[in-house]
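As structure tokens, the structure follows; a few thoughts come after it.
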Amino acid sequence: MSPTLTGRRAAVAALSAALLVPVLAACGGEDKKTDAAASPSAAASASGGAKAANLTVLAASSLTDVFKTAGAAYEKAHPGTKVTFSFAGSQELAAQVKQSAPADALVTADTKTMDGLRTEVNDPTVIAKNRLVIATAKGNPFKVDELKDLADSKIKVVLAAPEVPVGRYGKQILDAQKIEVKPVSQEPNVRAVLSKVELGEADAGLVYKTDSAKSGDKVVTVDIPDAQNAVASYPAATLKQSKNTEAAAAFVAWLSTPEAQKILADAGFQKP
């Protein structure tokens, strides 16, 4: 074979090899992109470990404001997941669960209500605690500064109904101090109690510290000494009827993370 022919063949082989390199590289890159796009679980893992889902969370009324903030933070950290909250008194939420209302997780303002749903929920975890305060009308016209002042018949006091957690806690602390209060009304949740005081329809009421704090100057907050107070615990659990078991469990677990705990603490809730 002539040196000229051999040289030509070598040149052609070298050129072919050079042309194949970018083609192979392009194919490899395309495969990686396709694999990533076709693997939602991988994307979910990168965004927090759970598959994207539309979650419905039943939550106690006293969590209304803080959970709106928490929900937004959770959705930002878990792209594709939407968290919708339904707020009401814990006893109302329990009734919804027993009636198989479509939902994925539940957070109540007391352990008693959650304990009554053992067959409907998975193991609960306490995510926060709270305490009661006296909320008085703007300016505190009756100069209420302690629990026993609520026994004054001239003061219109509003309480939550005894089957509502905050109503139960209120009765507990009043009974312990042997204070008899005749409320002008008994409301279905703590927000309703606070609203009555804010609107001037009542002179005072027993509410959670976090709710009173959100009212700003609409009410005057009177602290109750720890020795006379009650501690409200907030358990969270997934519902056995949930169709988004993995995503619901991930959200409930997230409520105990440093990020969620900071949001709760900033809103005035105590650590569990």
Side-chain angles (χ1 to χ4, degrees), residues 59-68 87-95 107-113 128-234 264-270:
S61 295
S62 50
L63 294 166
T64 299
D65 297 307
V66 69
F67 262 20
K68 288 179 180 177
F87 299 103
S90 295
Q91 80 290 348
E92 294 179 48
L93 300 177
V107 188
T108 61
D110 66 335
T111 55
K112 182 176 181 179
T113 299
K129 292 186 176 182
N130 212 341
R131 289 181 180 273
L132 271 64
V133 296
I134 303 170
T136 74
K138 190 173 183 178
N140 194 2
F142 287 94
K143 306 304 177 186
V144 175
D145 60 15
E146 56 184 326
L147 279 173
K148 68 179 183 180
D149 293 337
L150 299 180
D152 189 335
S153 59
K154 291 181 293 186
I155 300 177
K156 293 186 293 183
V157 179
V158 61
L159 301 173
E163 62 270 18
V164 181
V166 70
R168 191 182 310 120
Y169 293 131
K171 184 178 186 306
Q172 174 185 326
I173 64 178
L174 291 171
D175 287 351
Q177 299 302 312
K178 295 182 169 58
I179 299 171
E180 185 177 355
V181 174
K182 296 181 179 179
V184 294
S185 69
Q186 293 183 314
E187 302 301 320
N189 58 65
V190 67
R191 283 307 176 96
V193 173
L194 189 61
S195 178
K196 289 275 188 180
V197 179
E198 288 178 341
L199 295 172
E201 297 175 10
D203 302 312
L206 289 175
V207 301
Y208 294 119
K209 186 173 183 176
T210 52
D211 288 287
S212 182
K214 285 299 279 187
S215 290
D217 60 0
K218 293 180 182 178
V219 302
V220 172
T221 299
V222 179
D223 289 328
I224 301 171
D226 287 350
Q228 300 176 9
N229 215 330
V231 177
S233 294
Y234 290 74
L264 288 161
D266 289 346
F269 287 86
Q270 300 173 353

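Computed from a prediction, not measured in an experiment: that's the story for all the values here. Worth knowing before you read on, the calculation uses all heavy atoms, side chains too, and leaves out hydrogens, waters and symmetry mates.
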Start with the C-alpha gap between D149 and F142, add the side-chain angles, then the distance that decides, and say whether side-chain contact (heavy atoms from CB on, under 4.5 Å) holds.
-> CA-CA 9 Å; D149 293 337; F142 287 94; over 6 Å; no

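- Residues I179 and A151 come closest through the heavy atom pair CG2-CB, 4.0 Å.
- We find the CG-CG distance between L174 and L147 to be 6.0 Å, quoted to the nearest 0.5 Å.
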Should V164 and V190 be marked as a side-chain contact (heavy atoms from CB on, under 4.5 Å) after you check the CA-CA gap, both sets of side-chain angles, and the distance that decides it?
-> CA-CA 8 Å; V164 181; V190 67; over 6 Å; no

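- A salt bridge does not link D152 to K143: none of the charged side-chain nitrogens sits closer than 4.0 Å to a carboxylate oxygen.
- The minimum heavy-atom distance between K156 and G200, with the atom names listed, is NZ-O, 4.4 Å.
- Considering all non-hydrogen atoms of both residues, A60 and L93 come closest at N-CD1, 3.6 Å.
- You'll find the side chain of K129 reaches within 4.5 Å of the side chain of S233, heavy atoms only.
- If you run side-chain contact (heavy atoms from CB on, under 4.5 Å) between L150 and each of L159, L206, V222, only L206 comes through.
- Taking the side chain as every heavy atom from C-beta outward, N130 and Y234 approach each other to under 4.5 Å.
- Looking at every heavy atom in both residues, S215 comes nearest to L194 through OG-CD2, 3.1 Å.
- A donor-acceptor pair under 3.5 Å is formed between the side chain of N229 and the backbone N or O of I224.
- The side-chain heavy atoms of D65 and R191, taken from C-beta on, include a pair separated by under 4.5 Å.
- Of all heavy-atom pairs spanning A137 and V220, the tightest one is O-CG2, 4.0 Å.
- The distance from the CD atom of E163 to the CD atom of E92 is 9.5 Å, given to the nearest 0.5 Å.
- Considering all non-hydrogen atoms of both residues, V193 and A160 come closest at CG2-N, 3.6 Å.
- With hydrogens and angles ignored, the 3.5 Å screen pairs no side-chain donor or acceptor of Q270 with any backbone N or O of A232.
- Put simply, CG on L132 and CG on D223 are 11.0 Å apart, with the number rounded to the nearest 0.5 Å.
- Within the 3.5 Å criterion, the main-chain N or O of F269 finds no donor-acceptor partner in the side chain of T210.
- Contact check on D226 versus R131 returns a salt bridge, with a Lys/Arg side-chain nitrogen under 4.0 Å from an Asp/Glu carboxylate oxygen.
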Step by step, would you call V133 with K209 a side-chain contact (heavy atoms from CB on, under 4.5 Å)?
-> CA-CA 5 Å; V133 296; K209 186 173 183 176; 3.8 Å; yes

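- At least one side-chain heavy atom of S90 sits under 4.5 Å from a side-chain heavy atom of D110.
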List the steps, then state whether side chain to side chain donor-acceptor pair (under 3.5 Å) holds for T108 with T113.
-> CA-CA 7 Å; T108 61; T113 299; 5.5 Å; no

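- Under the 4.5 Å side-chain criterion, counting only non-hydrogen atoms from C-beta, V197 is in contact with V158.
- The NZ atom of K112 sits 12.0 Å away from the CD atom of Q91 when rounded to the nearest 0.5 Å.
- In this structure, Q228 and I173 have side chains that are not in contact, with every pair of non-hydrogen atoms separated by 4.5 Å or more.
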Test side-chain contact (heavy atoms from CB on, under 4.5 Å) on K214 and V66 and set out the steps.
-> CA-CA 10 Å; K214 285 299 279 187; V66 69; over 6 Å; no

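- Panel note: side chain S61, backbone A88; a donor-acceptor pair is recorded below 3.5 Å.
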